[in-house]
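Notes for the one structure printed next.
Proteins come first, then strands; the chains are lettered A, B, ... in the order of their sequence lines, and each starts at number 1.
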2 protein chains.
Amino acid sequence: MDMDERKLKILQAIIQNYMETGEPVGSRTISKYTDLNLSSATIRNEMSDLEDMGYILQPHTSAGRIPSDKGYRLYVDTMLEKKDREVADIKDLFLEKTDKLETVLKQVARLLSENTNYTTLVSKPKYEHKKVKFTQLSMVNETQLLVIIVIEGNIVKDKFVNLTEPIEESQVPQINFLLNTALDGLDLTEINMALIHKMKEQAGQYAGVVGVILDAIAAAVAEEDDYVMITSGATNILKYPELSDKEKATKLLSILEEKDTLSHWINASGDDTDHNIQVYIGDESPVEAMKDCSVVTATYHIDEGVYGKIGIVGPKRMDYEKVVGTLENTMKQLDAIFKK
Amino acid sequence: MDMDERKLKILQAIIQNYMETGEPVGSRTISKYTDLNLSSATIRNEMSDLEDMGYILQPHTSAGRIPSDKGYRLYVDTMLEKKDREVADIKDLFLEKTDKLETVLKQVARLLSENTNYTTLVSKPKYEHKKVKFTQLSMVNETQLLVIIVIEGNIVKDKFVNLTEPIEESQVPQINFLLNTALDGLDLTEINMALIHKMKEQAGQYAGVVGVILDAIAAAVAEEDDYVMITSGATNILKYPELSDKEKATKLLSILEEKDTLSHWINASGDDTDHNIQVYIGDESPVEAMKDCSVVTATYHIDEGVYGKIGIVGPKRMDYEKVVGTLENTMKQLDAIFKK
DNA sequence: GTTAGCACTCGCTTTGATAGAGTGCTAATC
DNA sequence: GATTAGCACTCTATCAAAGCGAGTGCTAAC
């Protein structure tokens, strides 16, 4: 038994109807559904075939059919029509290019979740392999320094350092210079024990201070894992009956609140240049609690090698056309903003 | 009709039983409940009185009684026993005093929500009336500067500034000095249009640059409102049947996600020195969506005049003793850490 | 003042009956 | 050979009736 044009049309009709209503779709519904003028009996035969092929399934004997994961997959792969989706101009959110990246990402997340009525995840960009642009030391008092580290992509990290022995204000510029010459152009991953050791040796009289500062820098840089996911519209989950029973909702919301699992997964998927859009349907997602959801992800690029991901989570019957379109548009806008 | 010892005991028994089970409490239950050896009939008479006085109410004619807001209020005001509550040492969360305040607060929130099984809110401290400690300019490239502002309490703000005309590296220290002399010891609220105007005049040849920088500083300082609430354990809400029906849960979780309303309320309540613990039962809370909850708040102090609030949100039948005790202990620990 | 006893109320659960949506199969039709 | 009308069948969802049980209020006795 193989697929033909008519079966595809019927499958599409089932999926579209199910997306709107969330109820199993019966043969009579499809029969009345314009275009293909077929009786419900014929549709029934075709549906029976589609079920055998695994594209749809029946919740119980006397119910209509709903799409299976395989059905959705076919739909997403071959039946999506691309239309231009309007998204409010992100540029307007971005008052100046100097604004905090985090603020912008939060607003993008909010925009997307309000626009789609699904939940939005945004991962802050990873900058593992970025280089140190410069560091800046400031003296707070004679035993405390403030270290500022600026990384490519204008990411700013700050850290206070308590010194074991007091230093003179006049020494600060020298130490600062020492640090900058040593760290200039270094990859963040290169700031490790070996480097710290080596630099201490070169630091001569400042060995002690420099050691403490480097430790602080390493700590500050490592801190990035701290808070890498932004979520918005988590409560949208509760709008969809198939996700909102207590047990599922609790699991989902917990996962969203924790952020750990998500951030691992979403970052693990790696850089797929070209801000490829990926669709994970049900079990295709590696996160157990999301097996009743679909997730659409996209990659945005801030700078060469600095990228993050945006994900939209909704029920399997989410409006893929809208979500994919909206994400594509958003990516285009983000790229335009960052590329300049 | 007035209150006597016995009525109080009965009320207490009702409340405690209801807290455990969440079910209306009947006269027979209380009758079997040790101490006061009274038959269910007597208890019934007393309960009828307590109902007339407004301390308890009946969901329907043939059900037991549940405490009213007034009942809880009496309980909280007069019947709480203080016991020392153990909370994991917060000091251990705090690896060094140099750690980011936000990180610590997040961990405190998490600790509290896990400890109590309720939802925890933490507001970041307001620093409206704090003074500028110093600013530090760094040159990124010839038309871009990085401004760092350090405020009392070691709060660090950063902001990139795009210049309309390029400057020389050698000018940066001079401008920096100019800024520092002018801003040193200023209250943040004093950084306003008038000041900016005045400073521009004094800045002579640097008027343009200084103006742009001051605007940026004003913007950076204003940004604080951005993200002042931390929440943890929001999904705990769903553990309590009286809060977890779809409608209530959606409202509550939305409020928690938005954070705006909460932050207004929790900050509006002002500084009540002595980290006073406040209990809001049901309607006593000004937030409509929380009328089925109770909220316990406490104030922590980071520094003279720099304080934030911690709130714990749960069902009205929350374990007030535990929550109040835990919060008191937590406050003591936080104070000990910050005071030194 | 306390308590035993009893009639009564009311929500929750179970049961059974019914309606309705949908199917699969068969036989007739195109 | 493909399509369709027709029918028996299945399964769920809904509703009412019945019974249960927890709890009450009141009265009369202790």
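Each end of the helix from C:dG1-D:dC30 to C:dC30-D:dG1 gets its own axis from five base pairs, and the two axes differ in direction by 20°, given to 10 degrees.
A salt bridge links B:R73 and B:D77; the closest N-O separation between the charged side-chain nitrogens and carboxylate oxygens is under 4.0 Å.
Judged by closest nucleotide on DNA chain C, B:S62 is the one of A:T61 and B:S62 placed further toward the 5' end.
Checked against D:dT4, D:dG25, D:dT10, the side chain of A:T42 finds its nearest nucleotide in D:dT4. Proximity note for A:R6 (side chain, C-beta onward) versus D:dT3, D:dA22, D:dT24: the nearest is D:dT3. Here the nucleotide nearest the side chain of B:S39, chosen from C:dT3, D:dC11, D:dT24, is C:dT3. Distance from the side chain of A:H60 is smallest for D:dT12 among the nucleotides D:dT12, D:dT3, C:dT9.
Put simply, CD on B:E23 is 13 Å from C1' on D:dG23, counting in whole angstrom units. Atom CD of A:E46 and atom C1' of D:dA2 are 10 Å apart (whole Å).
As judged by a 4.0 angstrom heavy-atom cut-off over every strand, A:S40 is placed among residues making no nucleic acid contact.
Checked against B:D49 for a salt bridge (charged side-chain N to carboxylate O under 4.0 Å, His left out), the options B:K7, B:R6, B:R65 give a single hit: B:K7.
Side-chain atoms of A:K316 do not come within 3.5 Å of backbone N or O of A:P67 as any donor-acceptor pair.
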Mind listing the N/O atom pairs, protein and nucleotides 6-8 of chain D, below 3.5 Å?
from: D:dG6; atom 1: O6; to: A:R44; atom 2: NH2; distance (Å): 3.2

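Within 6.0 Å of CZ in A:R110 there are 12 or fewer heavy atoms belonging to other residues, nucleotides or ligands.
With no hydrogens or angles considered, no side-chain donor-acceptor pair links A:R28 and A:S40 at under 3.5 Å. Side chains of A:K291 and A:S285: no donor on one and acceptor on the other come within 3.5 Å. If you check the side chains of A:K239 and A:N236, you find a donor sitting under 3.5 Å from an acceptor.
Ring centroids of B:Y55 and B:Y75 are separated by 6.0 Å or more, keeping the two rings apart.
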